[in-house]
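These notes concern the structure reproduced below.
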Amino acid sequence: QVQVVESGGGLVQAGGSLRLSCAASGSIFSINAMGWYRQAPGKQRESVAAITSGGSTNYADSVKGRFTISRDNAKNTVYLQMNSLKPEDTAVYFCATDSRASPLSSPRRYWGQGTQVTVSS
């Protein structure tokens, strides 16, 4: 099994910054992509940003230029630096990792429990 734990959420004023962290541990041979998703009240979960093991990134249009995803492969950790936060960024942020338990196993997606980000106007 793989455990995924997020941290770093909180309450911030509009225009402020937060940095989220997500660490994966357990039966991990390798991790392919790692990413951040968010879900606001009454809305579907949406992809925010993702990063491959090689460092390629992609972002939702709504966060481009404000959020930066990065990862530390040695620590199986992914980060999300969020700047110029807006009230519409308020959501529960979830981390997801696509990992393999062995060289021959298929990658599986594991989710964290989420961390609340609240941006006040």
Side-chain angles (χ1 to χ4, degrees):
Q1 280 293 341
V2 174
Q3 294 77 45
V4 179
V5 179
E6 304 103 334
S7 62
L11 173 64
V12 64
Q13 288 188 333
S17 299
L18 282 174
R19 188 190 194 211
L20 305 182
S21 299
C22 168
S25 62
S27 301
I28 298 173
F29 170 74
S30 66
I31 297 179
N32 299 339
M34 303 182 80
W36 289 95
Y37 293 73
R38 66 187 181 187
Q39 186 166 18
K43 295 188 177 181
Q44 290 189 331
R45 188 174 299 189
E46 62 175 356
S47 175
V48 175
I51 185 168
T52 68
S53 57
S56 297
T57 60
N58 63 72
Y59 297 91
D61 288 343
S62 59
V63 306
K64 282 180 180 177
R66 300 188 297 122
F67 291 9
T68 302
I69 189 170
S70 61
R71 67 188 278 177
D72 184 333
N73 289 332
K75 296 181 179 179
N76 291 334
T77 299
V78 64
Y79 306 96
L80 185 68
Q81 178 66 43
M82 305 185 294
N83 298 328
S84 302
L85 282 160
K86 303 175 181 180
E88 51 263 44
D89 294 317
T90 296
V92 177
Y93 283 70
F94 297 89
C95 174
T97 68
D98 294 339
S99 67
R100 299 172 183 265
S102 71
L104 299 180
S105 62
S106 299
R108 287 186 57 186
R109 173 157 294 186
Y110 296 90
W111 293 90
Q113 293 189 332
T115 185
Q116 177 70 46
V117 171
T118 303
V119 184
S120 63
S121 57

Practice item. Run the numbers on N32 and R100 for side-chain contact (heavy atoms from CB on, under 4.5 Å), then give the verdict. Key: CA-CA 8 Å; N32 299 339; R100 299 172 183 265; 4.0 Å; yes
To the nearest 0.5 angstrom, please state how far the [atom1] atom of [X] sits from the [atom2] atom of [Y].
X    : Y    : atom1 : atom2 : answer
T97  : M34  : OG1   : CE    : 5.5 Å
T115 : L80  : OG1   : CG    : 11.0 Å
D98  : R109 : CG    : CZ    : 4.0 Å
R38  : F94  : CZ    : CZ    : 12.5 Å
D89  : S62  : CG    : OG    : 7.0 Å
S105 : F29  : OG    : CZ    : 8.5 Å

**Study point:** Intermediate values then yes/no, side-chain contact (heavy atoms from CB on, under 4.5 Å), N76 and I28
**Key:** CA-CA 9 Å; N76 291 334; I28 298 173; 3.8 Å; yes
Check your understanding: Taking it one step at a time, do Y59 and R66 satisfy side-chain contact (heavy atoms from CB on, under 4.5 Å)?
Key -> CA-CA 10 Å; Y59 297 91; R66 300 188 297 122; over 6 Å; no
Please name the pair of heavy atoms, one in [X] and one in [Y], separated by the smallest distance, quoted to 0.1 Å.
X   : Y   : answer
I69 : G35 : CD1-CA, 4.3 Å
L18 : G8  : CD2-O, 3.9 Å
Y37 : S47 : CD2-CA, 3.5 Å
N73 : S53 : ND2-O, 3.3 Å
V4  : C95 : CG1-SG, 3.8 Å
W36 : S21 : CH2-O, 3.6 Å

Exercise for review: Determine whether L85 and V92 fall in the same hydrophobic cluster, where Ile, Leu, Val, Met, Phe, Trp and Tyr are linked whenever their side-chain heavy atoms lie under 4.5 Å apart.
Suggested key: no
Point to revise | Cluster link V117 to V48, ILVMFWY, side chain under 4.5 Å | key: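 Cluster IDs for V117 and V48 match.
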Exercise for review: Flag yes if more than 12 heavy atoms outside Q39 fall under 6.0 Å of its CD atom; otherwise flag no.
Suggested key: yes
Check your understanding: What is the ring orientation for F67 with Y93, classed by angle as parallel under 30°, tilted 30 to 60°, or perpendicular over 60°?
Key ->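 Rings of F67 and Y93: tilted, as their planes differ by 30° to 60°.
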Review point. Looking only at side chains, do Q116 and T118 share a donor and an acceptor under 3.5 Å apart?
Key: yes
Practice item. Compute whether any side-chain donor of one residue and acceptor of the other, for N83 and S17, lie under 3.5 angstrom apart. Key: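 Judged by distance alone, the side chains do pair up.
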Point to revise | Min side-chain heavy-atom separation L20-Q81 under 4.5 Å | key: no
Check your understanding: Quick check: does any side chain N or O of E6 sit under 3.5 Å from a backbone N or O of G114, one acting as donor and the other as acceptor?
Key -> yes
Check your understanding: Charged N to carboxylate O below 4.0 Å: is that the case for K64 and D61?
Key ->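 Here K64 pairs with D61 in a salt bridge, since their nearest N and O are under 4.0 Å apart.
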Check your understanding: Could R19 and Y79 be counted as a cation-pi pair, given that NZ or CZ must be under 6.0 Å from the ring centre and within 45° of the axis?
Key ->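 Yes, cation above the ring, under 6.0 Å and within 45°.
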